[in-house]
Amino acid sequence: MLPRRMRRAFAALLGASPRAGFPSLAPALALALALSGLSTPALAGAPESAEQPELVPPKATSPLVYDYPEALLERDEPPSGTVNLQYVVGIDGVPKEIEVLDSPDPALAEAAVEALAALRFRPGTYGGQAVEIVLTIALEYTPPEAELPQDEGDPDANPAEDGAGPGEDTDDADDTDEQPDGPERILGTLLEAGSGTPVGGATVLAVPAGDYPEGRVRRQRYGDESEPAWIVQSRADDLGRFSLRAVPDGRVRLIFLAPNFERLEWVVSLEPNTQLETKYFLTRDSATPFRTEVTVDREAMPEAVVRTITTEEINEIPGTQGDALKAVQNFPGVSRQAFGAGQLAIRGAAPGDSGVYLGYHEIPTLFHFGGISSVFNSDVIAQLDFIPGNFDSRYGDALGGVVNVQPRRGRRDGYHGYFDADLFDAGLLVEGPVGEGSFVLSGRRSYVDVILPAVIPDEVGLGLTVAPRYWDYQALFDYPLPKPVGGELSVRAFGSDDRSKLIFAEANEIEADDRDALETVQWFHRVDLVYRKLEGPWEFLITPSYKREFASSSIFGATRFDVESDTFSGRAELSRRLTKNAQLRVGAEVVSTWYAARAELPGFGPGAPSPALASASTRETDYVRVAPALYGTLTLRAGQRLMLFPGVRLSHTSDLAAIERTVADPRLRFILKVADNTKLKGGVGLYSQAPGLLQGDVVFGNPRLLPERSLHTSLSVEQLLPRDFSVELTGFYKRLYALSSETTALALVPGEGDPSPQNFANIGAGNIYGGELLVKRALGDRFYGWLSYTLMRSERTPAPGEATQLFDFDQTHILTLIASYDFPLNWRIGARFRLVSGNPYTATVNGVVNGGGGGVEHIPIAGPINGARLPAFHQLDLRVDKTWVYRRIKVTSYLDIQNVYNAENTEFLASSYDFQSRIPILSLPTAPSVGMKIEW
């Protein structure tokens, strides 16, 4: 006869009648808890039918025993006090990243670290998956008294935060299995179907099979269930492995239960004197299709306003084709670009005024031509942070915002990968372990060059001799270095190549030449090394990088630019926790670039924007720029609710044949916790940006230009709401000054006889101000979405005394609505709607005819600069996904439709030859894309 609690739990699991349907997960978990006898503090005294909590903290498998160091007893006054430690319990149950937060004496700290490092845990889990969890502990050290017995100290001498660490009752340290003594009869591994990820913490039950046939149990029977003659129960470890002992011979019914996974039952035949080894694949519940990892941010230096996109969210956002950098364009403060081009205009700044960092270094090119996709595979990204303003001193040479992308490590639980293809390109990714480390290899190639010539009619007069095509690759390797060196070394190599040549040839032309062509070539290759080490309260980072880049553009044979460059950049950082309320990070960065540029420009005549451009000319130049910087940020906790982040960045720029430029940018950010779910965040600081390549050129620019400057201010309120909703309201103001503007003024250069044209000078100014609203529903349930709205104005004053005008990228209203819902059977439907103010432009109000010189010339009469605005842009995008999950692969097909209702949005206005009428250049029409992704 089975014990009463086992009989009661088994009856709840199997159900009492056909009306009960398939049993829910709660009774199944009740059975698992009843059989295992778990008695964690979170579950003690709970009814047997209570659900297992999502987060199960680590549990020490033995008490923490530590003694007062005998060497300290020889001191006249032996030290005493509390040593506060922070540590991470890994998925192997071993404490790591032990950090001393506070200690009365270094010797006591050393003893506490040694005692804690010897402790072992049963790992914590979240949603049934083993995760790393950070804990803190306070160890009290008091010089022992001779009369005090060794085992009669204070029972609370080993407290752990939230009862999740040393000092707990550990009677159940080895109670994960209640199995009879005997040989192992069934050995197996539980993996997630499709991805092959181990499913740890799952409950495995073995009972007599009864009348069930061999193989998978497709439908459970009810009404005739009786008490089983025997039950053998086990629990899978972190790698998904399990074993069942003393299982009787014959047909056995195996039942697998894991949170967030569908129940799986399988009937096997167990022959006498044999051992069965097999694998089983659990299908993740369609209502919870995401893996959750608990991570700890050791840097603890958050930005005033930072918006983060995870890899799971990227795949949920319609209209982006799962592209991380395209998903950023949906955030508040990001202006929409014409034809969906891959540019980031953040908070009223120009696209070139913002920085995108990939692994601690700026990435030269964001998107392939036309903004179809970014040059870095989004599936290799761990996290993407969008910082629209008031960013940390770690980042420099930017007046707009910052996008920080961190690559992820390859998987170490086996070899995985995928192949995907849509109407534009096809890609392949492979990853897996290499010893203790991991690798990721990824590549993608477009076939637009095959499709476009086939679909464009011959009568259009558009030929594609070198049709638009692109490819990119990524290779990443991560490896933990053995002691005594320690730390982790990462090697990353990636690159991109885009080429296109369009021929606009008339039907009666015998042979087309470069005068009929638009041609572009752009490629880069980059190699990074990254070494990071965590050593107690210290954190070290060293990362050099080398990049080679080439860009070329030819416009109808009249204008051509060629720029070839080699860039070496390096960054070194050192962080340390000074006290429990203070942490300091200091760093150094250097970016050295060698340019070789050649420009062929036609003559623009007397109306040229600068004297250097009045006549046709060719300019070849070698250009060297070295830009070192020092920076530091101090994290201060002022009381229980206020965090301050003062920092400063000292930047220097040195060019050949140019003056030296050094600027200091102090910055201050803060976070005030007003209430449990309410935060007030803000910042103020100075930011600088060095002149561009053309602006600093000796001939076409002004080598004496100084850096452009900006003052950032922002204030944000963040409120967490029930049902995983959050609201963030932000106001910002930026003052721009010392901007580079075109000028016809002359300047006398020391050492030269006659004044020469400046072409550019630091005489411009500007103002950018507005507000942002972001209402977001967190990912994790069936519904996901956000509402993003920006109200903004961006103005420029080209020179003192001139009229203030709207900036080219000013958009007053930017509204984005995103919604995605996961339906049963792995269907997902999402939509994105955008409503954006049109860009400002300079209207042509009329035209005059000049009949002199023996010809007729039409001359436009322009209105105020950027005094008119294009019509508002509106568009609806739709995405439908369907996923099929098999034992070893997962197949996802999708339909992504851009501009569902075929809105005719005006991107530009083209004037007639006599400037009496205007023709709108419309945005892209309805554009469906079908794709498939096969994962293993």
Side-chain angles (χ1 to χ4, degrees), residues 351-366 375-376 395-398 472-473 491-499 520-530 542-554 559-572 587-601 612 617-630 649-663 688-708 740 759-760:
D353 291 345
S354 296
V356 179
Y357 288 80
L358 178 60
Y360 308 105
H361 306 274
E362 277 200 77
I363 187 171
T365 304
L366 301 182
V375 299
F376 197 86
Y395 310 108
D397 199 29
D472 59 61
Y473 69 92
V491 182
R492 302 163 183 166
F494 56 96
S496 169
D497 191 298
D498 289 62
R499 298 172 188 265
T520 60
V521 177
Q522 185 170 357
W523 54 260
F524 78 91
H525 303 279
R526 198 177 101 181
V527 178
D528 300 349
L529 295 179
V530 180
I542 299 176
T543 169
S545 174
Y546 169 75
K547 170 180 66 72
R548 182 165 180 80
E549 184 179 8
F550 176 80
S552 175
S553 177
S554 176
T559 302
R560 184 178 184 89
F561 297 94
D562 294 305
V563 179
E564 189 174 4
S565 66
D566 294 271
T567 300
F568 171 81
S569 59
R571 183 187 296 269
E589 180 186 21
V590 61
V591 180
S592 303
T593 305
W594 293 261
Y595 296 96
R598 185 176 189 273
E600 298 177 4
L601 300 175
S617 59
T618 298
R619 167 68 172 160
E620 294 184 5
T621 181
D622 292 328
Y623 191 75
V624 179
R625 170 173 290 181
V626 181
L630 298 174
R649 182 180 180 93
L650 185 65
S651 303
H652 179 82
T653 304
S654 176
D655 300 339
L656 294 181
I659 65 174
E660 304 289 323
R661 314 175 183 95
T662 302
V663 292
S688 304
Q689 180 171 298
L693 175 62
L694 179 63
Q695 294 172 334
D697 184 71
V698 175
V699 175
F700 299 111
N702 181 1
R704 296 170 296 280
L705 280 178
L706 299 175
E708 299 177 318
S740 176
N759 298 324
F760 295 93

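These numbers come from the heavy atoms of this one structure, side chains and all, not from hydrogens, waters or symmetry mates. One is the number of the first residue; the rest follow in order along the sequence.
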Shortest non-hydrogen contact from [X] toward [Y]:
| X | Y | value |
| --- | --- | --- |
| Leu358 | Asp528 | O-OD2, 4.2 Å |
| Ser554 | Arg560 | CB-NH1, 3.3 Å |
| Gly692 | Arg625 | O-NH2, 4.3 Å |
| Phe568 | Pro544 | CE1-CB, 4.1 Å |
| Ala398 | Gln689 | CA-OE1, 3.5 Å |
| Thr662 | His652 | OG1-ND1, 2.5 Å |

What is the distance from atom [atom1] of [X] to atom [atom2] of [Y], rounded to the nearest 0.5 Å?
| X | Y | atom1 | atom2 | result |
| --- | --- | --- | --- | --- |
| Thr543 | Arg571 | OG1 | CZ | 8.5 Å |
| Leu705 | Thr653 | CG | OG1 | 12.0 Å |
| Asp497 | Tyr473 | CG | OH | 10.0 Å |
| Phe376 | Arg526 | CZ | CZ | 8.5 Å |
| Arg499 | Gln522 | CZ | CD | 11.0 Å |

Glu708 vs Ser740 side-chain heavy atoms within contact, under 4.5 Å:
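Yes, at least one pair of side-chain atoms sits under 4.5 Å.
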Are any of the side-chain heavy atoms of Tyr395 and Arg649 separated by less than 4.5 Å?
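A side-chain contact is absent here, since even the closest heavy-atom pair is not under 4.5 Å.
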Phe494 and Phe524 aromatic ring geometry - parallel, tilted or perpendicular at 30°/60° bounds
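Taking Phe494 first and then Phe524, their aromatic rings stand perpendicular (interplane angle over 60°).
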When you check the side-chain N and O atoms of Ser496 and Asp472, is any donor under 3.5 Å from an acceptor?
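On atom types as modelled, these side chains do not qualify, holding no pair under 3.5 Å.
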For His361 and Tyr546: C-alpha separation, side-chain torsions, deciding distance, then whether side chain to side chain donor-acceptor pair (under 3.5 Å) applies.
CA-CA 10 Å; His361 306 274; Tyr546 169 75; over 6 Å; no
Full working for side-chain contact (heavy atoms from CB on, under 4.5 Å) between Trp594 and Asp622:
CA-CA 7 Å; Trp594 293 261; Asp622 292 328; over 6 Å; no
Stepwise, does the salt bridge (charged side-chain N to carboxylate O under 4.0 Å, His left out) test hold for Glu362 with Lys547?
CA-CA 10 Å; Glu362 277 200 77; Lys547 170 180 66 72; over 6 Å; no
May I have the step-by-step check of side-chain contact (heavy atoms from CB on, under 4.5 Å) for Val624 and Asp655, ending in yes or no?
CA-CA 6 Å; Val624 179; Asp655 300 339; over 6 Å; no
